Number of protein chains: 2
Amino acid sequence: MPKEKLDFDGLCRERHLAATHQRRIIFQAVTAAPGHYSPEEIYEVVRKQIPSISVATIYKNLKTFVEAGILHEVSPHHGSLRVDPTLTPHHHLVCRKCKSITDIDAKFLDPVRLRRAPKGFKIEQFAVDILGTCSKCAKQSAH
Amino acid sequence: MPKEKLDFDGLCRERHLAATHQRRIIFQAVTAAPGHYSPEEIYEVVRKQIPSISVATIYKNLKTFVEAGILHEVSPHHGSLRVDPTLTPHHHLVCRKCKSITDIDAKFLDPVRLRRAPKGFKIEQFAVDILGTCSKCAKQSAH
DNA sequence: GTATCTGCAAAAATTTTGCTAGTAT
DNA sequence: ATACTAGCAAAATTTTTGCAGATAC
């Protein structure tokens with residue numbers, strides 16, 4: 001029995017998600033190779049196996065997978081461009097539930113340092129997103 | 001003479017950008033207070049002072065400001081949601097020019113560590129975006 | 001059997017584009 | 001004078017929604 005199928009069904013069972021055919025194929029499409037796929041790219045791949053699939057199903061399930069922790073977002077996607085006037089070095093606390101963003105001064109973090117320089121990439125800046133749950137959301141889900 | 005105006009005109013001169021009225025007001029709107037504004041939010045604020053402003057102008061100028069380094073993006077905005085199948089700890093090299101994303105194993109980075117815990121925020125994960133220029137883009141702008 | 005999920009189509013939201021007139025340098 | 005920029009309207013993208021029928025548990 002193929003390993004992926006086992007994994008996927010197990011993952012779904014753990015998180016009380018229905019292991020539907022569409023979800024299985026979407027998951028396979030995303031995990032077939034490392035990459036940083038957009039919903040549109042995944043749609044095009046999945047469509048080859050399930051021509052009747054709809055983009056809405058891709059979106060709904062990617063969201064579901066991310067919320068369930070089965071997949072990750074590349075960087076927190078805030079729905080639209082977000083611009084930041086603060087030019088002093090700082091990073092961001094990002095709440096996974098309410099998507100709120102809070103600044104945290106860079107001096108509260110040990111300086112980010114590479115142990116091995118990536119070949120051919122000229123580093124200009126480190127941006128750290130600290131993902132988690134803000135106090136407001138923690139209270140709400142506490143009871 | 002107000003400090004902001006001086007700063008803004010100087011910034012524009014340095015980067016060979018025309019210091020237009022619209023840009024000045026947009027810049028003031030963004031820098032009035034720390035925050036993480038969307039184009040729509042900025043539009044609503046600027047509209048109070050320049051009712052004839054258009055959303056397109058907001059978008060064009062935010063993009064211009066970000067490219068010029070006058071403002072920062074909160075986290076790299078990739079145009080659409082991007083999903084990542086790699087669950088082993090890793091971070092991302094993001095090219096500012098071509099927006100390409102490359103994985104870098106977490107063990108090539110000194111572990112991210114907080115010196116002071118943020119009050120009330122439950123940390124779940126650190127995501128580091130290493131911003132810079134990839135080798136391909138470096139070559140293109142070299143000559 | 002019941003709750004959940006899919007497909008569809010339509011709407012909403014976000015972002016880009018082309019062009020003309022206006023403005024900064 | 002020249003190059004750049006703003007406004008406008010329209011299009012292109014991206015994402016969400018509501019609901020009827022289908023599917024998983």
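Just so we're on the same page: letters track the sequence lines, and every chain starts at 1. Keep in mind the model is a prediction, meaning the values are calculated, not measured.
Contacts between residues 76-86 of chain A and DNA chain C, defined by a heavy-atom separation under 4.0 Å, are made by A:G79, A:S80, A:L81.
Atom CD of B:E67 is separated from atom C1' of C:dT15 by 14 Å (rounded to the nearest Å). At whole-Å resolution of the value, CD in A:E40 and P in D:dT13 are 9 Å apart. Look at CG on A:L62: it is 15 Å from C1' on C:dC5, rounded to the nearest Å. What separates CD of A:E41 from P of D:dT15 is a distance of 12 Å, to the nearest Å. When rounded to the nearest whole Å, the span between CZ of B:R15 and P of C:dT25 equals 16 Å. When rounded to the nearest whole Å, the span between CZ of B:F8 and P of C:dA24 equals 12 Å. Atoms CD (A:E73) and C1' (D:dT15) sit 13 Å apart, rounded to a whole Å. Between the CD1 atom of B:I42 and the P atom of C:dT15 there is a distance of 11 Å, rounded to whole Å.
Counting heavy atoms from C-beta outward, A:F27 and A:V30 have side chains that stay 4.5 Å or more apart. Counting heavy atoms from C-beta on, the side chains of A:T31 and A:F8 never come closer than 4.5 Å. Side-chain contact check for A:L11 versus A:R15: some heavy-atom pair is nearer than 4.5 Å.
Close to C:dT15, at under 4.0 Å from its OP1 or OP2, lies a side-chain N or O of B:Y59.
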B/S/- contact track for nucleotides 3-10 of chain D, protein heavy atom under 4.0 Å: --SSBBB-

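Atom CZ of A:R116 has 12 or fewer heavy atoms from other residues, nucleotides or ligands within 6.0 Å.
Closest approach of B:F65 and B:I26 over heavy atoms only: CE1-CG2, 4.1 Å.
Electrostatic pairing of A:E124 and B:R96 counts as a salt bridge here, judged by a charged N lying under 4.0 Å from a carboxylate O. Between B:K99 and B:E73 there is a salt bridge, since at least one side-chain N of the basic residue sits less than 4.0 Å from a carboxylate O of the acidic one.
The bend of the helix from C:dG1-D:dC25 to C:dT25-D:dA1, defined by the angle between the axes of its first five and last five pairs, stands at 50° to the nearest 10°.
Ring centers of A:H36 and B:H92: under 6.0 Å apart, within the cut-off. Taking the six-membered ring for Trp and the full ring otherwise, the centers of A:H78 and B:H77 sit at least 6.0 Å from each other.
Side-chain contact annotation: B:D103 with B:H91, donor-acceptor N/O pair under 3.5 Å absent.
A donor-acceptor contact shorter than 3.5 Å links the side chain of A:R23 to the backbone of A:A18.
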